Engineer: 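This is the structure, below, for whatever I ask next.
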Amino acid sequence: MKMTLIEKRFVNRKKKSERNIKIIESDFKLMNLTKTNTILELGCGVGFVSVYLAENYQFNVFGTDFDDEQIDTAKRIQPEIKNLHFQVEDASQLTIEDSSINLVISQNVFHHVPNWQDAIKEIARVLCPGGYLTWLDLTFSNLVKNIFLPCS
């Protein structure tokens, strides 16, 4: 599902990307990255995190987003790096080969994926045996749920 212009302005802020990078760095401390060379970022937006990983770790990074405008912007504003590839992808129907990814990163994406069950299957399909998934998404407190969710 494509985001509104307001959502894009919010998620594409440099400060938000810096927070996401800190989370990934924290996650990396829990992983053995010695055999990690290929990363898939689902919902990369305009690509700040993907660029960081390609530049600082020399990983082969696939920054993907369902929204072609996000990918077009990423290609326009981010530096060209040999090991960085931006492409439009539907997380529930990835065009990536089976068992070809060592790490999948998904930060605040799944609440935008209508067919999230298929996206999870796709992640399992593209991950190498022993690969990692770092997944962060929105959660709501019970107070917020009670206010905004319809009564049963």
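Quick caveat: nothing in here was measured; it's all calculated off a predicted structure.
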Engineer: What distance separates Ile96 CD1 from Gln87 CD, expressed to the nearest 0.5 Å?
Structural biologist: 5.5 Å
Engineer: Is the number of heavy atoms from other residues, nucleotides or ligands within 6.0 Å of CD (Glu97) greater than 12?
Structural biologist: no
Engineer: When you look at Val113 and Phe66, which way does the side-chain contact (heavy atoms from CB on, under 4.5 Å) test go after all the steps?
Structural biologist: CA-CA 9 Å; Val113 179; Phe66 181 75; over 6 Å; no
Engineer: So which heavy atom on Gly63 is nearest to which on Ile71, and how close?
Structural biologist: O-CD1, 3.8 Å
Engineer: Rounded to the nearest 0.5 Å, what's the gap from CG on Leu40 to OG on Ser50? Could you check?
Structural biologist: 8.5 Å
Engineer: Kindly say whether Leu42 contributes a backbone atom to a donor-acceptor pair with the side chain of Glu89 at under 3.5 angstrom?
Structural biologist: no
Engineer: Any donor-acceptor pair under 3.5 Å linking the side chain of Asp65 with the backbone of Gln70?
Structural biologist: no
Engineer: Working to the nearest 0.5 angstrom, can you tell me the gap between Thr134 OG1 and Met31 CE?
Structural biologist: 5.0 Å
Engineer: Heavy atoms only: give me the nearest Lys75-Phe86 pair and the separation to one decimal.
Structural biologist: CE-O, 3.2 Å
Engineer: Could you tell me if the side chain of Phe48 sits less than 4.5 Å from the side chain of Asn20, heavy atoms only?
Structural biologist: no
Engineer: What distance do Ile101 atom CD1 and Ile123 atom CD1 have between them, rounded to the nearest 0.5 Å?
Structural biologist: 11.0 Å
Engineer: Between Val51 and Leu103, is there shared hydrophobic-cluster membership here, with clusters defined by ILVMFWY side-chain heavy atoms closer than 4.5 Å?
Structural biologist: yes
Engineer: For the residue pair Leu84 and Pro79, what are the closest heavy atoms and their distance?
Structural biologist: CD2-O, 4.3 Å
Engineer: If you round to the nearest 0.5 Å, how far is CG of Asn108 from CD1 of Ile23?
Structural biologist: 7.5 Å
Engineer: If Ile, Leu, Val, Met, Phe, Trp and Tyr residues are connected whenever their side-chain heavy atoms lie under 4.5 Å apart, and connections chain through other members, are Trp135 and Phe62 in the same group?
Structural biologist: yes
Engineer: Step by step, work out the side-chain contact (heavy atoms from CB on, under 4.5 Å) result for Cys44 and Ile105.
Structural biologist: CA-CA 9 Å; Cys44 71; Ile105 296 172; over 6 Å; no
Engineer: Please answer whether the main-chain N or O of Val126 pairs with a side-chain N or O of Ser99 as donor and acceptor at a distance below 3.5 Å.
Structural biologist: no
Engineer: For residues 109-126, which residue pairs qualify under salt bridge (charged side-chain N to carboxylate O under 4.0 Å, His left out), counting only residues two or more places apart or in two chains?
Structural biologist: Asp98-Arg125, Asp118-Lys121, Glu122-Arg125
Engineer: Using a 3.5 Å distance criterion without hydrogens, assess whether the side chain of Thr73 forms a donor-acceptor pair with backbone atoms of Glu69.
Structural biologist: yes
Engineer: So which heavy atom on Ser92 is nearest to which on Asn115, and how close?
Structural biologist: CB-O, 3.7 Å
Engineer: Any donor-acceptor pair under 3.5 Å linking the side chain of Gln78 with the backbone of Val46?
Structural biologist: yes
Engineer: Let me check something: do Ile39 and Leu133 share a hydrophobic cluster, defined by ILVMFWY side-chain heavy atoms less than 4.5 Å apart, either directly or through other members?
Structural biologist: no
Engineer: Donor-acceptor pairs under 3.5 Å, side chain of residues 52-61 to any protein atom, not counting sequence neighbours: which ones?
Structural biologist:
| unit_1 | atom_1 | unit_2 | atom_2 | d |
| --- | --- | --- | --- | --- |
| Tyr52 | OH | Glu25 | OE2 | 2.4 |
| Asn56 | ND2 | Tyr52 | O | 2.9 |
| Tyr57 | OH | Glu25 | OE1 | 2.6 |
| Tyr57 | OH | Glu25 | OE2 | 2.8 |
| Gln58 | NE2 | Glu55 | O | 2.5 |
| Asn60 | OD1 | His85 | NE2 | 2.8 |

Engineer: Calculate, to the nearest 0.5 Å, the distance between atoms CG and CG belonging to Leu33 and Asp27 respectively.
Structural biologist: 10.0 Å
Engineer: Going hydrophobic residue to hydrophobic residue with side-chain gaps under 4.5 angstrom, can you get from Val49 over to Val109?
Structural biologist: no
Engineer: Identify the heavy atoms of Ala74 and Gly47 that sit nearest to each other, and give their distance.
Structural biologist: CB-N, 4.2 Å
